[in-house]
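Everything below concerns the one structure shown next.
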Amino acid sequence: MKIIYGTSNEGKIADMKRIITENNIDIEILTAKDIGFDKDIIEDGKTFEENSEIKAKAIAEYCNENNIKGIVITDDAGLCIDKLNGEPGVYSARYAGDHAPQIECINKILDKMKQYENMEERTCQFVCVLTAIILATGEKIVARGECKGSIAKEHGKLGGLTYSPIFIPYGFTEPMSNMPKEKYEKQHNHRNMATKEIIKNLKERKIL
């Protein structure tokens, strides 16, 4: 059995491998690149669920055409701010324009949030939706992970996830980027939450 994980992000791949190991599952993790998939996928969905499914279906179709077996898993993720009606949401990666620098995306949010002085008004969530397609049957499984927090008034250390310098995880007082990963990881990792739910579902169906 193989998992074809539709990402080229080394951090996401490492996280998937770690969770698989923690669950004592003997399965090979391949990327879209490993199977020769190099098509541009147009993510024009209005929700994380729609975009994740668009990617999963495109890779699954390629796998079926090339007789590749296993489970396709894809994700879509972003930051949703309550007072901005869920923005940047599915547009998180291009909120300040395609390929905009991290600081431009951050500053756009900080400018929009200036009117909200109280931290109680600056609530938000990091969201990740994973879609799994079992190639043998075409069956689809969807899982969603959310980490709640608030938007900082000033950005922290730049780098890492685009919005981690302004995301203060619930229960903490400083931005995620200012803390060592070990400090918040167990209770604040939206992708891990969704991945564990997918793994649990696959195990319950005795697919893994």
Side-chain angles (χ1 to χ4, degrees), residues 5-15 31-33 38-56 58-59 74-131 144-170 172-181 184-185 188-195:
Y5 194 16
T7 183
S8 58
N9 185 299
E10 293 296 331
K12 293 182 184 180
I13 295 164
D15 278 349
T31 65
K33 182 179 179 181
D38 61 359
K39 298 178 182 177
D40 288 329
I41 301 173
I42 299 173
E43 300 174 37
D44 54 1
K46 301 299 183 186
T47 65
F48 296 116
E49 284 80 3
E50 288 178 1
N51 278 339
S52 182
E53 183 174 352
I54 287 168
K55 288 183 271 191
I59 296 173
T74 56
D75 74 63
D76 196 42
L79 177 68
C80 298
I81 302 171
D82 296 326
K83 284 292 187 180
L84 300 184
N85 296 314
E87 290 184 13
V90 295
Y91 304 106
S92 291
R94 52 191 187 278
Y95 194 48
D98 288 339
H99 312 297
Q102 181 183 33
I103 190 62
E104 289 185 16
C105 297
I106 286 172
N107 283 340
K108 182 173 181 178
I109 287 175
L110 290 178
D111 285 344
K112 284 194 170 189
M113 293 298 290
K114 277 182 180 177
Q115 59 185 307
Y116 304 111
E117 285 293 322
N118 297 326
M119 294 307 290
E120 291 79 9
E121 296 181 296
R122 301 175 71 89
T123 53
C124 60
Q125 303 85 39
F126 263 136
V127 177
C128 175
V129 173
L130 288 180
T131 299
R144 184 183 180 101
E146 292 190 14
C147 291
K148 296 187 181 300
S150 57
I151 299 297
K153 294 183 179 180
E154 297 180 355
H155 71 76
K157 184 173 67 175
L158 296 177
L161 290 174
T162 302
Y163 299 105
S164 62
I166 56 172
F167 181 82
I168 301 175
Y170 179 77
F172 294 87
T173 58
E174 59 183 327
M176 187 177 276
S177 66
N178 285 7
M179 297 184 281
K181 194 173 183 180
Y184 62 82
E185 180 73 7
H188 286 287
N189 189 316
H190 51 310
R191 185 166 289 103
N192 277 16
M193 290 176 184
T195 303

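- Under the 3.5 Å distance criterion, the side-chain polar atoms of Y163 are left unmatched by any main-chain donor or acceptor of I109.
- Closest of all the heavy-atom pairs between A194 and G145 is CB-N, 3.8 Å.
- More than 12 heavy atoms of other residues, nucleotides or ligands shown are found within 6.0 angstrom of CD on Q115.
- Heavy atoms only, all atoms of each residue included: L161 and P165 are closest at O-CD, 3.6 Å.
- Within the model, atoms CD1 of I103 and CG of L110 stand 7.5 Å from one another, a figure rounded to the nearest 0.5 Å.
- In this structure a side-chain-to-backbone donor-acceptor pair under 3.5 Å is missing from E49 to V129.
- Checking Q125, M176, M193 one by one against C147, the side chain to side chain contact (heavy atoms under 4.5 Å, CB included) holds for a single residue, M193.
- Not one N or O on the side chain of H155 forms a donor-acceptor pair closer than 3.5 Å with the backbone of N107.
- Among all heavy-atom pairs drawn from G45 and I54, the shortest one is N-CD1, 3.8 Å.
- The two residues F48 and G78 have their closest heavy-atom pair at CE2-N, 3.5 Å.
- Using modelled atom types, one side-chain atom of S92 and one backbone atom of L79 make a donor-acceptor pair closer than 3.5 Å.
- Salt-bridge formation is detected for the pair D75/R191: a Lys NZ or Arg NE/NH1/NH2 atom is positioned less than 4.0 Å from an Asp or Glu carboxylate oxygen.
- A donor-acceptor distance shorter than 3.5 angstrom exists from the side chain of S177 to the backbone of K157, with no hydrogens or angles considered.
- For F167 and F126, the ring centers are positioned less than 6.0 Å apart.
- The distance from atom CD of E10 to atom OG1 of T31, rounded to the nearest 0.5 Å, is 8.0 Å.
- Looking only at distances, no side-chain donor or acceptor of E146 sits under 3.5 Å from a matching main-chain atom of V127.
- Within the 4.5 Å cutoff, the side chain of K55 has heavy atoms near those of the D76 side chain.
- Cation-pi check for K108 over Y95 is met; the charged atom lies under 6.0 angstrom from the ring centroid and within 45 degrees of its normal.
- When the shell of 6.0 Å around CG of D111 is examined, it contains more than 12 heavy atoms from other residues, nucleotides or ligands.
- The shortest distance between side-chain heavy atoms of T195 and D15 does not fall below 4.5 Å.
- Taking the side chain as every heavy atom from C-beta outward, I168 and M119 approach each other to under 4.5 Å.
- For NZ of K153, the number of neighbouring non-hydrogen atoms (other residues, nucleotides, ligands) closer than 6.0 Å is greater than 12.
- Contact check for N178 versus S164: no side-chain heavy atoms found under the 4.5 Å cut-off.
- In this structure, N118 contributes its side chain and E120 its backbone to no donor-acceptor pair below 3.5 Å.
- Nearest heavy-atom pair across C80 and G89 is SG-CA, 4.0 Å.
- Counting only distance, with no hydrogens or angles, the side chain of R122 and the backbone of I151 share a donor-acceptor pair below 3.5 Å.
- Proximity of a side-chain donor or acceptor of T74 to a complementary backbone N or O of G6 within less than 3.5 Å is not detected.
- Between the CD atom in E154 and the CD1 atom in I166 there is a gap of 12.0 Å [rounded to 0.5 Å].
- Remark: E43 CD to S52 OG distance equals 9.0 Å, nearest 0.5 Å.
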### Task
Please assess E87 against I81 for the test side chain to side chain contact (heavy atoms under 4.5 Å, CB included), listing each intermediate value before the final yes or no.
CA-CA 6 Å; E87 290 184 13; I81 302 171; 5.8 Å; no

